[in-house]
Every structure is written in structure tokens, then in C-alpha cells.
Amino acid sequence: MKRVLSVSVMDQNLTVRSEAGEGEVARVSEYVNQKIQEVRRKSHGVSPLTAALLACMNIANECLALKEVQVQAGLKIRELIGEVNSHAL
């Protein structure tokens with residue numbers, strides 16, 4: 001069941017609906033805030049919107065890289081299972 005929770009991102013209070021617990025939603029918002037702050041430290045003078053969009057791109061890149069690692073791990077597992085099965089009695 002989705003719950004309505006409040007979080008703060010870039011000092012903006014947001015209301016979100018999520019099946020995740022309050023702690024998980026807070027952890028996500030903290031991570032997003034951290035990534036935005038990283039962009040702002042590295043890119044002096046960018047607008048808050050630009051910082052948020054660049055942070056979004058960085059987070060999406062991390063997510064896609066992890067998905068690729070997961071796909072590659074799944075392929076390797078299937079390969080190893082095939083090898084084990086081919087040597088089974």
C-alpha cells in the first residue's frame with residue numbers, strides 16, 4: 001500500500017507517494033541532495049535547476065551502469081550453471 005510521505009530536496013518540501021518505508025524514502029532524498037551538492041561544488045555558478053538536472057543525469061548513469069553489471073553477472077551465472085550441468089553425472 002502506498003503511503004504519503006514528506007521529504008526535502010534542495011530545501012523544497014515534497015510530498016511523495018511510495019510503497020517504501022519512511023526510512024528508505026528519507027535515504028533516497030538524502031542521496032539526491034548529496035548528489036546535487038556534489039554537482040554544485042564541482043560546477044561553480046550553475047543554477048539550482050541545472051545542478052538538479054546534472055545530478056539526475058549522474059544518478060541515471062549510475063543506475064544504468066549497475067543494470068549492466070547485473071546483466072553481465074546473470075550471463076556469467078548462466079554460463080557457469082551450464083558448465084556445471086555439462087559435467088554432472
Side-chain angles (χ1 to χ4, degrees):
M1 179 171 79
K2 290 190 177 184
R3 292 175 253 181
V4 177
L5 302 165
S6 296
V7 296
S8 178
V9 175
M10 293 180 55
D11 297 322
Q12 298 290 315
N13 292 324
L14 304 171
T15 301
V16 297
R17 291 175 50 110
S18 177
E19 292 183 4
E22 187 173 339
E24 181 65 17
V25 172
R27 192 172 78 116
V28 169
S29 67
E30 288 169 12
Y31 185 74
V32 169
N33 279 316
Q34 174 190 0
K35 293 308 237 177
I36 292 168
Q37 287 304 316
E38 285 177 17
V39 168
R40 294 184 88 177
R41 278 194 303 274
K42 293 176 182 177
S43 305
H44 301 287
V46 299
S47 72
L49 176 59
T50 298
L53 292 171
L54 290 171
C56 178
M57 295 292 293
N58 291 340
I59 293 168
N61 185 55
E62 291 173 3
C63 181
L64 291 173
L66 289 172
K67 282 185 175 187
E68 182 59 27
V69 167
Q70 184 180 22
V71 166
Q72 293 303 316
L75 293 172
K76 185 64 175 177
I77 289 168
R78 284 188 201 97
E79 176 186 329
L80 292 171
I81 289 171
E83 288 180 25
V84 168
N85 287 340
S86 70
H87 295 347
L89 298 175

Distance check, rounded to the nearest 0.5 Å: [X] atom [atom1] versus [Y] atom [atom2]?
X	Y	atom1	atom2	answer
L53	S47	CG	OG	7.5 Å
R3	E19	CZ	CD	9.0 Å
E79	I81	CD	CD1	11.0 Å
K42	N58	NZ	CG	7.5 Å
R78	N85	CZ	CG	13.5 Å

Which heavy atom in [X] sits nearest to a heavy atom in [Y], and how many Å separate them?
X	Y	answer
E62	K35	OE2-NZ, 2.7 Å
R40	A51	CG-CB, 3.4 Å
S8	S29	O-CB, 4.1 Å
T15	S6	OG1-OG, 4.2 Å
N33	V9	OD1-CA, 3.4 Å
E22	L5	CA-CD1, 4.0 Å

Would a single hydrophobic cluster contain both M10 and V46, if residues Ile, Leu, Val, Met, Phe, Trp and Tyr are joined by side-chain heavy-atom contacts under 4.5 Å?
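Shared cluster, no.
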
Identify whether V32 and L54 are in the same connected component of the hydrophobic contact network (ILVMFWY, side-chain heavy atoms under 4.5 Å).
no

Just by distance, no angles: are the side chains of E68 and Q72 close enough, under 3.5 Å, to form a donor-acceptor pair?
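Yes, Q72 and E68 have a side-chain donor paired with an acceptor closer than 3.5 Å.
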
If you draw a 6.0 Å radius around CD in Q37, do more than 12 non-hydrogen atoms from other residues or ligands fall strictly inside?
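Enclosed: over 12 neighbouring heavy atoms sit under 6.0 Å from CD of Q37.
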
More than 12 heavy atoms of other residues, nucleotides or ligands under 6.0 Å from CD of Q70: yes or no?
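For Q70, atom CD is not crowded (no more than 12 foreign heavy atoms under 6.0 Å).
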
Would you check, one step at a time, whether the test side chain to side chain contact (heavy atoms under 4.5 Å, CB included) holds for E24 with V28?
CA-CA 6 Å; E24 181 65 17; V28 169; 4.1 Å; yes

In plain terms, say whether E30 and R27 are close enough for a salt bridge, that is, a side-chain N and a carboxylate O under 4.0 Å apart.
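Here E30 does not pair with R27 in a salt bridge, since their nearest N and O are not under 4.0 Å apart.
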
Is there a donor-acceptor contact under 3.5 Å from the side chain of N61 to the main chain of M57?
no

